[in-house]
Amino acid sequence: MKRLKRADLPVDTATLAYFLIGKSLVRDAAEGRTSGRIIETEAYVPGDASGHAYGGETDRNRSLFLRRGHAYVYLIYGMHFCVNVSSERPGIGAGVLLRALEPIDGVAIMQARSRVHRAADLARGPGRLTQAMAIDRRLDGIDLCSRSSLWLASAARPPGRVATSVRIGISKERCRLLRFYEAGNPHLSGPSALRK
DNA sequence: TATGCGATATTCT
DNA sequence: GAATATCGCATAG
């Protein structure tokens with residue numbers, strides 16, 4: 001499993017969202033290493049009214065404006081965290097939401113962090129993903145292409161067919177096909193119609 | 001399987 | 001006040 005370099009990452013948001021399918025996300029914490037295969041992403045492109053960067057840079061969304069490959073972590077619905085990968089040139093706000101992982105390393109650690117019953121649900125959905133990987137606001141702004149405690153790595157196994165769909169849980173810009181996922185993977189989130 | 005709802009904090013209007 | 005890139009539990013079919 002090799003660390004991804006920034007030069008490996010496409011500069012365009014939607015292209016990055018597609019590129020990340022099959023790649024690995026690795027978390028090194030006190031309890032040990034956890035990692036997973038990225039199987040579901042969503043692109044929040046420049047000028048997208050549903051994106052958090054829409055309306056300009058603030059204290060909260062600053063990380064979306066960093067050079068591509070940085071983490072943007074935020075609290076949603078008062079109780080869950082979500083993590084994005086910043087995706088454009090410095091000063092342009094956009095990101096790729098990581099929605100689901102197929103767990104690889106440290107499954108027992110993930111289970112200890114989570115209250116989910118089924119193993120397939122451990123990192124299924126953006127809130128469960130951050131719970132299983134112990135990701136919170138303290139990791140906001142870190143460089144996922146550096147030697148940090150959260151980083152991107154090459155694919156443990158190449159992806160199968162990558163499909164697109166509408167994005168989940170938004171009310172604006174609902175028609176755009178900016179969700180990317182490995183078709184048929186049992187660890188996908190969303191309704192069954194959006195997993196084929 | 002599908003739909004509905006409450007929990008809960010931060011940001012925006 | 002309202003909205004929110006969610007989740008887990010409840011209930012109905």
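To find a chain, count down the sequence lines: A is the first, B the second, and so on, and within it residues start at 1. All of these numbers come straight from a predicted model, not from anything done at the bench.
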Atom CG of A:L97 and atom P of C:dT6: how far apart are they, to the nearest Å?
7 Å
Between A:R62 and A:E57, does any NZ, NE, NH1 or NH2 come within less than 4.0 Å of an OD or OE carboxylate oxygen?
yes
Counting any heavy atom closer than 4.0 Å, what does A:R115 reach on the DNA or RNA strands: base, sugar-phosphate only, or nothing?
nothing
Length of the line joining A:K172:NZ and B:dC12:P, which is rounded to integer Å:
11 Å
Do the side chains of A:E40 and A:R124 get close enough for a salt bridge, i.e. N-O under 4.0 angstrom?
no
Can A:I109 be reached from A:L139 by stepping across I, L, V, M, F, W or Y side chains whose heavy atoms are under 4.5 Å apart?
no
Earlier contact from the 5' end, DNA chain B, for A:M79 and A:R137:
A:M79
Please classify the nucleic acid contact of A:G127 as base, sugar-phosphate, or nothing, using heavy-atom distances under 4.0 Å.
sugar-phosphate
Whole-Å gap separating P (C:dA5) and CZ (A:R174)
12 Å
Would you kindly check whether a donor in the side chain of A:Y77 faces an acceptor in the base of B:dA9, or vice versa, at under 3.5 angstrom?
no
From CD1 of A:I76 across to C1' of B:dG6 the rounded distance in Å is 16 Å
Round to the nearest Å and state the distance from A:Y54 atom OH to C:dA5 atom C1'.
16 Å
Measuring to OP1 and OP2 of C:dC7, would you say a side-chain N or O of A:R124 lies under 4.0 angstrom away?
no
Do any side-chain nitrogens or oxygens of A:S171 fall under 4.0 Å of OP1 or OP2 in C:dT4?
yes
A:D121 CG to C:dC9 P, straight-line distance once rounded to whole Å:
11 Å
When you measure from the centre of the six-membered ring of A:Y44, is the NZ or CZ of A:R167 closer than 6.0 Å and no more than 45° off the axis?
yes
A:H80 NE2 - B:dT11 P separation (whole Å)
17 Å
Grab the CZ-C1' distance between A:R99 and C:dC7 for me, whole Å please.
11 Å
Go ahead and name the base partner of C:dC9; Watson-Crick or wobble counts if both distances stay under 3.5 Å, otherwise write none.
B:dG4
It should be established whether A:S192 places a side-chain nitrogen or oxygen under 4.0 Å from OP1 or OP2 of nucleotide B:dA2.
yes
Mapping A:L64 and A:R128 onto DNA chain C by nearest heavy atom, which one lands closer to the 5' end?
A:L64
Run the ring-centre check on A:H52 versus A:Y74 and record whether the distance is less than 6.0 Å.
yes
